[in-house]
Amino acid sequence: MSFALNMPRLSLAGPGAVADAVAHLKQQPVKKALIVTDKTLMELGVLNGLLAELDKAGVSSYLFDGVTPNPTASLVRKGVEIYLREGCDCFIAVGGGSPVDAAKAIRIMASNDGDICDYNGIGKVQNYGAYFIAINTTAGTAAEMTSNSVITDEDNKVKMVIIDPKQIPDIAVNDPELMVGLPASVTAATGMDALTHAIEAYVTVGAYTLTDHSALESIRIISQWLPVAVEQGENLLAREKMACAQFLAGMAFNSAGLGLVHAMAHQPGATHDLPHGVCNAILLPHICAFNAAEYPEKFRAIAEAMGGDTSRLNDVQAAGLAVSLIQKLSVQVGIPSGFAELGVGEDAIECWIETALNDPCYGGNPRAASAENVRELYLLAF
């Protein structure tokens, strides 16, 4: 089977990218956009520039700002009702992973049969949806350019991972001016999410020459610029660097795949509504150590990308350095030390294990894990 490199039709990056995206939208045969976002971004005025550009372009819109963190299946169903009721014929998502994933899922249901829960898994989407612009306001998920969406099935308390290239937006937008002032905690969590994407993409069984370079470059940029972005939220250069880094990580994992970190992180996010990036960051060093026990050579390059000197180290020692550098960065940007700090009890672990092993992301992990392995890794993360 050949390697597939999946990308948006067009990616716009840098100051002014939002206006350029609207200019492209104006060239399409569309009349009314459903804008999918959250109330916080509206209150902060993040959408003001977009709304002004749409007005100038003569494109009408309807605002659906009901997206919450960890969007649910019921929210998606509501969004579809609004899209159809309002006569919309295109989508604009504005936000981080939650609004963009919600828009992806609404778009699926607007052009395919059944319920959103029918699409959990890989390659189940039949029809491409309406024209779609995804405007990223964080530097972490790369949802604006990937084929993944994560939606919580609240009835079964499971995070569904829908993976299909038909979900990829037509235009991906990364304008760092929208990211200036993002709270430090959100910057840290989304930045560590991007680091997790890059590391898992580099070590996954699906890793390939076309994605290795972007994964390692993403790791290098994040290691250098995430602390700056966390400490200096108004630093436009740091925001732009992080926007590029998370996009590079998206380029890598969108085609190479992910692994056990994401498979395990989805579960506490679903049952306890925890931030996805924080869950990834807590689990990342422990699962890297687990994988490095069998594949230490892959982690030498990761240590070097993070600024470590491996010249006098063997592969096992270099892998240990990579894990310690990941832990150091996590502490530096203020990630909680474990799930216990977030108020989660160890009794939650048992309901996570089987679901983690059945998560679509698990198949990309380079090392097979038993239920006991997963239990031990969760315990280490407390």
Side-chain angles (χ1 to χ4, degrees), residues 120-122 148 150 153 156-163 192-193 195-208 211 215 219 249 252-253 255-272 274 276-303 315-316 318-320 322-327 330 335 337-340 342 344-382:
N120 186 26
I122 302 172
N148 298 12
V150 181
D153 175 355
N156 296 302
K157 296 188 180 299
V158 172
K159 275 200 171 187
M160 302 182 294
V161 184
I162 303 168
I163 304 173
M192 291 301 292
D193 187 21
L195 180 68
T196 305
H197 291 156
I199 289 174
E200 289 209 288
Y202 186 68
V203 304
T204 181
V205 296
Y208 191 67
T211 57
I219 294 167
F253 90 79
S255 295
L258 293 167
L260 188 57
V261 181
H262 273 76
M264 290 179 62
H266 288 150
Q267 312 324 313
T271 60
H272 291 73
L274 300 177
H276 174 64
V278 172
C279 294
N280 273 338
I282 289 172
L283 288 160
L284 181 60
H286 305 295
I287 296 173
C288 282
F290 173 78
N291 287 332
E294 286 195 8
Y295 301 95
E297 66 281 357
K298 294 288 286 188
F299 288 86
R300 173 182 290 276
I302 291 171
D315 285 345
V316 173
V323 172
S324 67
L325 289 171
I326 293 166
Q327 290 173 319
S330 187
I335 295 294
S337 60
F339 290 118
L342 299 174
V344 182
E346 291 182 6
D347 57 329
I349 291 175
E350 291 307 312
C351 74
W352 295 344
I353 296 171
E354 183 179 356
T355 314
L357 288 170
N358 289 323
D359 189 283
C361 293
Y362 167 63
N365 204 65
R367 181 182 177 187
S370 65
E372 186 55 35
N373 292 147
V374 173
R375 181 181 291 107
E376 291 172 357
L377 289 166
Y378 273 133
L379 284 170
L380 288 171
F382 271 82

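Here the structure is a predicted model, which means the values were calculated and not measured.
Ile199 and Cys288 get closest at one heavy-atom pair: CG2-SG, 3.8 Å. When all heavy atoms of Val205 and Gly363 are compared, the pair lying nearest together is CG2-O, 3.8 Å. Pairing each heavy atom of Cys279 with each of Gly269, the nearest pair is SG-N, 4.1 Å. Residues Gly277 and Asp193 come closest through the heavy atom pair CA-CB, 3.8 Å. Closest of all the heavy-atom pairs between Cys361 and Val161 is SG-CG1, 4.4 Å. Taking each heavy atom of Thr204 and Ala256 in turn, the nearest pair found is CG2-O, 3.3 Å.
In this structure, Val150 and His276 have side chains that are not in contact, with every pair of non-hydrogen atoms separated by 4.5 Å or more. For the pair Pro366/Lys298, no side-chain contact is recorded, criterion being any heavy-atom separation below 4.5 Å from C-beta on. Side chains of Tyr202 and Ile302 form a contact here, defined as non-hydrogen atoms less than 4.5 Å apart. Side-chain atoms of Gln267 and Lys157, non-hydrogen and from C-beta on, never get closer than 4.5 Å to each other. Counting heavy atoms from C-beta on, the side chains of Ser330 and Leu284 never come closer than 4.5 Å. Within the 4.5 Å cutoff, no side-chain heavy atoms of Phe253 are placed close to those of Glu200.
Although no hydrogens or angles enter the test, the distance criterion places no donor-acceptor pair under 3.5 Å between the side chain of Thr211 and the main chain of Ala207.
Considering only residues two or more places apart in sequence or on other chains, Ser324 meets the side-chain hydrogen bond (donor to acceptor under 3.5 Å, both in side chains) condition with none of them. Under the rule for a salt bridge (Lys or Arg N to Asp or Glu O under 4.0 Å), Asp153 has no partner lying at least two apart in sequence or in another chain. For Ala381, the side-chain contact (heavy atoms from CB on, under 4.5 Å) test picks out Ile282, Leu283, His286, Phe339, with sequence neighbours left out. Listed by chain and number, the residues in a side-chain contact (heavy atoms from CB on, under 4.5 Å) with Val316 are Pro296, Asn314 (sequence neighbours excluded). Qualifying side-chain hydrogen bond (donor to acceptor under 3.5 Å, both in side chains) partners for Asn358, counting only residues two or more places apart in sequence or in other chains: none. Partners of Ala369 according to the side-chain contact (heavy atoms from CB on, under 4.5 Å) rule, which considers only residues two or more places apart in sequence or in another chain, are Leu260, Phe290, Tyr362, Asn373, Val374. Under the side-chain contact (heavy atoms from CB on, under 4.5 Å) criterion, Ala198 pairs with Ser218, Ile219, Ala249, not counting sequence neighbours. With sequence neighbours excluded, the residues that form a ring pair (Phe, Tyr, Trp, His ring centres under 6.0 Å) with Tyr208 are Phe3. With sequence neighbours excluded, no residue satisfies side-chain hydrogen bond (donor to acceptor under 3.5 Å, both in side chains) with Asn148.
Atoms NE2 and CG, on His262 and Asn280 in that order, are 4.0 Å from each other to the nearest 0.5 Å. In this structure, CD1 in Ile122 is found 12.0 Å from CD1 in Ile162, a value given to the nearest 0.5 Å. If you take CD1 on Ile287 and CG on Leu377, they are separated by 5.5 Å, rounding to the nearest 0.5 Å.
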Would you give me the side-chain donor-acceptor pairs under 3.5 Å for residues 344-356, sequence neighbours excluded?
from: Glu350; atom 1: OE1; to: Arg375; atom 2: NH2; distance (Å): 3.1
from: Glu350; atom 1: OE2; to: Arg375; atom 2: NE; distance (Å): 2.8
from: Trp352; atom 1: NE1; to: Thr271; atom 2: OG1; distance (Å): 3.0

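Among pairs with a residue in residues 279-294, those fulfilling salt bridge (charged side-chain N to carboxylate O under 4.0 Å, His left out) read Glu294-Arg367, at least two apart in sequence or across chains.
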